[in-house]
Amino acid sequence: LNKNGGNDKDIRLPLSQGIAGYVATTGEVLNIKDAYSHELFYKDVDLATGFRTRNILCFPIKNEENMIIGVAELCNKVRAECFTIEDENLALQFSAYCAISIHQSMLYKGVVDAQNRNQLANELMLYHMQVSEKEALRLAENHRYDGAQEMSRCSFLPRSISLKDSPTACLTFFEDMGLIRKWRIPVDALSKFILMVNRGYRNPIYHNWTHAFSVAHFCFALFKTCQEFGFLQELEIFSLIIATLCHDLDHRGTNNAYQVSSHSVLAALYSSEGSVMEHHHFAQTLCILNSPGCNILENLNAQQYTDVLDLIRDNILATDLSHHLRIVKHLQSMAESGFDPENADHHHLLLCLLMTSCDLCACTKEWESAQAVAELIYKEFFSQGDLERAVGVQPMEMMDRERACIPELQRSEERL
């Protein structure tokens with residue numbers, strides 16, 4: 001809490017640190033008479049809030065199984081220099097009521113989450129049309145794109161392929177990468193899956209099906225031309241092409257920060273996990289895979305099925321640029337030491353790097369194409385800025401059509 005009693009932001013510490021961390025890991029009660037003289041006391045909270053801590057009584061909260069589910073901390077006993085033994089006994093009795101409250105709160109959150117998921121599912125069903133068996137059969141029968149050889153070049157412009165032909169091109173990706181044969185994917189299921197993913201994209205200015213198709217194409221082109229793909233396992237490659245195709249499913253044309261600030265249903269569901277939109281994209285991927293006739297993973301064994309879903313999730317989460325910035329130092333370290341095929345962390349980092357490369361591939365194309373895509377991105381940014389301004393929120397400079405200087409913004413991103 002700040003000086004005025006408002007909650008500015010959460011203060012998070014590792015479980016192994018501080019007074020609360022000690023109580024959480026040991027289950028002991030700490031009765032500290034002089035906070036500032038105690039080695040576990042974290043002074044930065046006082047410095048940040050202006051609060052002055054004199055004494056502390058910290059005690060564990062345990063459930064019926066005697067497991068620690070929380071910690072409570074009392075500060076600055078009134079009209080006394082410190083807390084007493086009687087206070088400790090009273091606190092432990094009070095902790096039983098805290099445990100009941102936490103249990104009830106978790107039950108309530110489960111109900112709210114279920115309601116939010118149901119609302120999202122209903123919204124998806126109302127917004128998107130279902131794929132008919134006739135449509136899927138027609139695509140399955142005509143699953144070879146004529147310009148497959150041209151598409152294998154990284155310089156190829158996927159946006160030159162019509163919306164009508166793009167599902168056929170997607171089928172070609174899977175076929176030419178050997179995935180249909182390797183994983184025994186039924187072509188009719190793959191056809192319906194691709195069409196459902198196509199319908200799963202709304203039509204914002206930039207984050208739409210055309211963008212998803214372009215990202216999947218770059219993954220295909222890298223597979224055809226980039227030797228680094230030889231470091232990947234076959235299941236990792238399978239997960240990568242699925243993730244590129246699905247990585248922005250049901251995007252609304254607004255970013256994670258907007259979801260949180262607008263208190264959207266998505267934020268209510270995923271904000272505690274971070275990467276709000278990316279978690280939603282993965283959830284929609286699962287929704288499509290679980291739709292009748294769309295499970296392209298049906299012939300994988302149980303372990304492969306679990307592994308590929310974990311990989312798809314991690315790959316989609318990697319498209320959050322804040323995630324990329326967090327792992328840059330690890331990427332640099334891997335680049336300096338060299339890729340180790342036996343190192344699982346290196347495989348994860350390479351997949352993350354490939355996802356980011358595919359997601360941002362538009363800037364690698366010829367100037368006219370790159371410029372056109374950049375204009376689409378800023379139009380979508382400005383659209384979000386207009387929504388924010390309409391509710392009295394000052395947009396970021398890059399999303400404010402009245403303040404943004406696109407050339408300067410581009411130069412700053414290049415320096416970043």
Side-chain angles (χ1 to χ4, degrees), residues 1-113 116 256-264 267-276 322 325-326 391-394:
L1 296 178
N2 60 29
K3 292 180 181 179
N4 300 317
N7 191 353
D8 290 334
K9 62 180 180 179
D10 291 340
I11 297 174
R12 297 178 181 269
L13 293 173
L15 187 61
S16 60
Q17 292 185 13
I19 294 170
Y22 178 85
V23 173
T25 53
T26 66
E28 298 178 15
V29 176
L30 277 185
N31 190 343
I32 300 173
K33 296 181 180 180
D34 182 3
Y36 277 77
S37 66
H38 199 280
E39 61 183 2
L40 293 176
F41 181 64
Y42 187 70
K43 303 179 182 65
D44 288 358
V45 176
D46 277 12
L47 295 175
T49 62
F51 186 81
R52 175 72 181 182
T53 305
R54 293 185 290 105
N55 46 61
I56 296 173
L57 176 59
C58 190
F59 52 93
I61 300 171
K62 299 181 180 181
N63 62 13
E64 293 180 348
E65 288 76 36
N66 206 37
M67 293 176 57
I68 299 173
I69 60 173
V71 169
E73 195 173 89
L74 304 177
C75 300
N76 295 0
K77 181 170 181 179
V78 178
R79 293 187 295 276
E81 293 183 2
C82 60
F83 293 95
T84 64
I85 295 296
E86 289 75 18
D87 292 328
E88 292 181 28
N89 293 331
L90 184 61
L92 289 175
Q93 294 177 41
F94 174 69
S95 71
Y97 294 96
C98 293
I100 294 172
S101 298
I102 291 173
H103 177 69
Q104 295 297 325
S105 177
M106 292 173 69
L107 289 176
Y108 177 74
K109 185 180 186 303
V111 171
V112 172
D113 283 354
N116 286 332
N256 288 330
Y258 179 84
Q259 299 301 323
V260 174
S261 65
S262 64
H263 305 290
S264 70
L269 195 55
Y270 300 116
S271 61
S272 63
E273 303 174 62
S275 301
V276 172
S322 65
L325 295 176
R326 288 195 297 271
V391 295
V393 175
Q394 178 64 46

Next on the checklist: Looking at A268, is its backbone amide N or carbonyl O close enough to the side chain of S271 to form a donor-acceptor pair, meaning the two atoms are under 3.5 Å apart?
Outcome noted: no
Next on the checklist: For a quick test of reading the model, state the closest non-hydrogen atom pair linking A80 to R54 and the distance between them.
Outcome noted: O-NH1, 3.7 Å
Checklist entry - Any side-chain heavy-atom pair from N55 and C75 closer than 4.5 angstrom? => result no
Item to check | Heavy-atom check, side chain of T53 versus side chain of F41, under 4.5 Å | outcome: yes
Next on the checklist: Run the side-chain contact (heavy atoms from CB on, under 4.5 Å) test on L57 and K77 for me, step by step, so that the C-alpha distance in whole Å, both residues' side-chain angles and the decisive distance to 0.1 Å come before the verdict.
Outcome noted: CA-CA 9 Å; L57 176 59; K77 181 170 181 179; over 6 Å; no
Checklist outcome for this item: What one should report as the nearest heavy-atom pair of N63 and E65 is OD1-N, 3.0 Å
Checklist entry - Mind checking what makes side chain to side chain contact (heavy atoms under 4.5 Å, CB included) contact with N66, not counting sequence neighbours? => result K62
Checklist entry - Hey, are the side chains of I68 and T26 touching, using non-hydrogen atoms and a 4.5 Å cut-off? => result no
Item to check | Approximate separation, where rounding is to 0.5 Å, of M67 CE and I61 CD1 | outcome: 14.0 Å
Checklist outcome for this item: OG1 (T25) and CD (Q17) are apart, to the nearest 0.5 Å, by 11.0 Å
Checklist entry - If you look at every heavy atom in V276 and Q259, which pair is closest and at what distance? => result CG1-CB, 4.1 Å
Item to check | Minimum heavy-atom distance between F83 and D87, given as atom pair plus value | outcome: CA-OD2, 3.4 Å
Next on the checklist: Check this for me: Y36, atom OH, are more than 12 non-hydrogen atoms of other residues, nucleotides or ligands nearer than 6.0 Å?
Outcome noted: yes
Next on the checklist: Any non-hydrogen side-chain atom of F59 less than 4.5 Å from a side-chain atom of E88?
Outcome noted: no
Checklist entry - Got a sec, which pairs hit side-chain hydrogen bond (donor to acceptor under 3.5 Å, both in side chains) with one end in residues 94-110, sequence neighbours left out? => result K109-D113
Checklist entry - Quick one: does E28's side chain get under 4.5 Å of Y22's, heavy atoms only? => result yes
Item to check | Within 6.0 angstrom of E273 CD, more than 12 heavy atoms from elsewhere | outcome: yes
Next on the checklist: Any side-chain to backbone donor/acceptor pair from N256 onto S275? Under 3.5 Å, distance only.
Outcome noted: no
Checklist entry - Does some side-chain heavy atom of I56 sit less than 4.5 Å from a side-chain heavy atom of L30? => result no
Checklist outcome for this item: Taking every heavy atom of A20 against every heavy atom of C58, the minimum-distance pair comes out as CA-SG, 4.1 Å
Next on the checklist: Looking at D34 and C82, would you say the former's side chain and the latter's main chain have a donor-acceptor pair under 3.5 Å?
Outcome noted: no
